[in-house]
Structure formats: C-alpha cells, structure tokens
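Each remark here refers to the structure printed beneath this line.
Residues take their numbers from the sequence shown, with the count starting at 1.
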Amino acid sequence: MEPTGGPYRVGKKDELIEAKRSFRTLEGRDILIIYHQNDFYAIDSYCYHAGATLQNGDIEEFDGKMCIVCPNHKYKMCLAQGEGIYKARDPREKPSVLRWFSKGVKQRTHTVTENNGDVYVKLSEQRGFIESDFYQGEKGKVERDKAAAAEKKKTK
C-alpha cells in the first residue's frame, strides 16, 4: 500500500511530549508516535513478529541503539530504522562471546517533523514488503486476532 500524501499533523508538540506515546491511524495504517530522550519517532504500531501492540513496550538502549521491546515476546526493534536486533553467540568464534546481531529492517518507521509547535508524520515511502506491513489494515486485524487467540491458548 503506497502512501498517498502527508505529512500529517498528529498533534501539538507539548501534548505529544507529555503523552510520551500516542496512537494514530494515517491512511489506514496504525502508527505509534514515541517521544523519548528529546526525540520523536514514528513506527508501525504492531510488532512484526506476532502482531502484538507496541504501545506498552519498554524502550531501552542496546548496542548503542534506542529500541522498543515487544511486551509479548521481547523482540527488539530500533526506533530510528526499524532494525530487528538480537543477542547471540557466533559458534565459529573461539572463545564464543555474546554480541548483538541484526535481522535487518523488520518494523516500518516513518518520518517525524516539527513546525511551529506542531508535529507531523510522513508515512514511509520505502518500497517493498517490510514484515510489520503484515499486521496493518483490515487483513492485518484478522491476523492480529488469530495471533492473540493462539497466544491465549498457550497461557492456559
């Protein structure tokens, strides 16, 4: 789904700063706007892995990158580029040491700008499928519901 316009005004800067996290739907796409350490970020609202909402995910720094941590399965996504990262050992290294690896871009990010006290989001124009696209729109809602039901079964 190609974005048709924007940037879209998403709110007053001081209100978004106070809220820290705000949910908006732009062109049918659910976006999470995050204010953290003097910066605004906008990412797809649902985790690329299993569609969980990221609204309550912790924000932490890993390997020098600010990331949101999915509250369901602890997947980590960089706020700036949407890169999925994980910590592991490379068995070919001797001695094998835990370090950070990239999964590549998994979560679609969007451009945030400020002008005269207002904050705007321009939807990503990056072409091609990014995994978080799967959980967007009406089809995505069906998939999120399926994932949530499967998750509920596991916890019973």
Side-chain angles (χ1 to χ4, degrees), residues 1-13 15-37 39-63 65-88 100-115 118-156:
M1 148 172 74
E2 293 292 316
T4 59
Y8 296 96
R9 183 184 174 280
V10 293
K12 289 274 186 211
K13 180 180 178 179
E15 292 169 359
L16 292 171
I17 288 171
E18 188 176 329
K20 291 190 178 34
R21 298 177 194 204
S22 301
F23 178 89
R24 298 288 186 277
T25 301
L26 306 174
E27 295 184 25
R29 188 168 205 96
D30 294 334
I31 305 295
L32 182 62
I33 298 135
I34 299 167
Y35 181 78
H36 186 76
Q37 293 184 349
D39 286 315
F40 280 105
Y41 303 92
I43 62 172
D44 279 358
S45 190
Y46 309 109
C47 178
Y48 74 90
H49 168 248
T53 183
L54 296 173
Q55 181 90 22
N56 298 317
D58 290 335
I59 296 177
E60 299 179 40
E61 186 175 325
F62 299 101
D63 200 28
K65 300 171 184 173
M66 292 311 300
C67 297
I68 191 160
V69 180
C70 178
N72 279 21
H73 301 110
K74 308 305 179 212
Y75 278 59
K76 296 157 185 65
M77 291 132 301
C78 299
L79 291 172
Q81 292 89 24
E83 173 189 24
I85 63 171
Y86 65 101
K87 202 167 197 180
W100 290 100
F101 292 88
S102 173
K103 297 178 183 181
V105 174
K106 300 291 188 178
Q107 196 75 19
R108 191 173 290 275
T109 60
H110 310 279
T111 305
V112 182
T113 55
E114 301 171 43
N115 189 6
D118 290 321
V119 176
Y120 297 84
V121 170
K122 181 163 181 47
L123 293 176
S124 169
E125 294 178 340
Q126 185 171 344
R127 296 198 183 284
F129 181 78
I130 294 176
E131 289 181 49
S132 66
D133 295 344
F134 185 73
Y135 292 104
Q136 290 292 331
E138 286 304 311
K139 237 177 160 176
K141 182 176 180 348
V142 171
E143 295 302 329
R144 289 193 312 272
D145 289 346
K146 283 184 198 174
E151 192 67 28
K152 211 173 208 178
K153 270 186 183 173
K154 278 200 263 181
T155 59
K156 282 188 177 180

Identify all side-chain donor-acceptor contacts of residues 56-63 below 3.5 Å with residues at least two apart in sequence or on another chain.
none

Kindly compute the distance separating NZ (Lys122) from CG (Leu26), expressed to the nearest 0.5 Å.
11.5 Å
Step by step, work out the side chain to side chain contact (heavy atoms under 4.5 Å, CB included) result for Ile43 and Met77.
CA-CA 10 Å; Ile43 62 172; Met77 291 132 301; over 6 Å; no
Salt bridge (Lys or Arg N to Asp or Glu O under 4.0 Å) partners of Lys12, counting only residues at least two apart
Asp118
Does Asp133 form a side chain to side chain contact (heavy atoms under 4.5 Å, CB included) with Arg29? I'd like the steps, not just the answer.
CA-CA 9 Å; Asp133 295 344; Arg29 188 168 205 96; 2.5 Å; yes
CA sep, side-chain torsions, deciding dist, call: Lys106, Tyr75, side chain to side chain contact (heavy atoms under 4.5 Å, CB included)
CA-CA 10 Å; Lys106 300 291 188 178; Tyr75 278 59; over 6 Å; no
Would you say Val112 and Val10 make side-chain contact, with heavy atoms under 4.5 Å?
no
The side chain to side chain contact (heavy atoms under 4.5 Å, CB included) partners of Ala88 (sequence neighbours excluded) come to Tyr86, Phe101
So do the side chains of Asp30 and Arg144 get within less than 4.5 Å of each other, counting heavy atoms only?
yes
Can you find a heavy atom in the side chain of Asp44 that is under 4.5 Å from one in the side chain of Leu54?
no
Who passes side chain to side chain donor-acceptor pair (under 3.5 Å) against Glu114, sequence neighbours left out?
Lys13
Go through the structure and list residues passing side chain to side chain donor-acceptor pair (under 3.5 Å) with His73, not counting sequence neighbours.
His49, Glu151
Nearest heavy atoms of Ala52 and Cys70, plus distance in Å:
CB-SG, 3.8 Å
Under the side chain to side chain donor-acceptor pair (under 3.5 Å) test, residues paired with Arg21 that sit two or more places apart:
none
Glu83: what forms a side chain to side chain contact (heavy atoms under 4.5 Å, CB included) with it, not counting sequence neighbours?
Lys65, Cys78, Ile85, Ser102
Who are the side chain to side chain contact (heavy atoms under 4.5 Å, CB included) partners of Thr113, not counting sequence neighbours?
Thr111, Tyr120
Residues at least two apart in sequence or cross-chain that pass salt bridge (Lys or Arg N to Asp or Glu O under 4.0 Å) with Glu15, listed by chain then number, are none
Just verifying a value: how many Å separate Leu16 CG and Ile34 CD1, rounded to the nearest 0.5 Å?
12.0 Å
Gln107 and Leu79: side chain to side chain contact (heavy atoms under 4.5 Å, CB included), yes or no, with the steps?
CA-CA 9 Å; Gln107 196 75 19; Leu79 291 172; over 6 Å; no
Would you please name every residue forming a side chain to side chain contact (heavy atoms under 4.5 Å, CB included) with Thr53, sequence neighbours left out?
Ser45, Tyr46, Gln55
Using the salt bridge (Lys or Arg N to Asp or Glu O under 4.0 Å) criterion, which residues pair with Lys141? Sequence neighbours excluded.
Asp145
Donor-acceptor pair, Lys74 side chain versus Pro71 backbone, under 3.5 Å?
yes
Within the 4.5 Å heavy-atom criterion, are Trp100 and Lys76 side-chain neighbours or not?
yes
Residues Thr109 and Ala80: closest non-hydrogen pair is OG1-O, 3.6 Å
Taking NZ in Lys20 as the centre, count heavy atoms belonging to other residues, nucleotides or ligands within less than 6.0 Å. Is the count above 12?
no
Using the test salt bridge (Lys or Arg N to Asp or Glu O under 4.0 Å), find all partners of Lys146 that sit at least two apart in sequence or belong to another chain.
Glu143
Measure from the side-chain N and O atoms of Asp39 to the backbone N and O of His36, and report whether any donor-acceptor pair falls under 3.5 Å.
no
Within the structure provided, determine whether Tyr41 and Met66 are in side-chain contact (heavy-atom separation under 4.5 Å).
yes
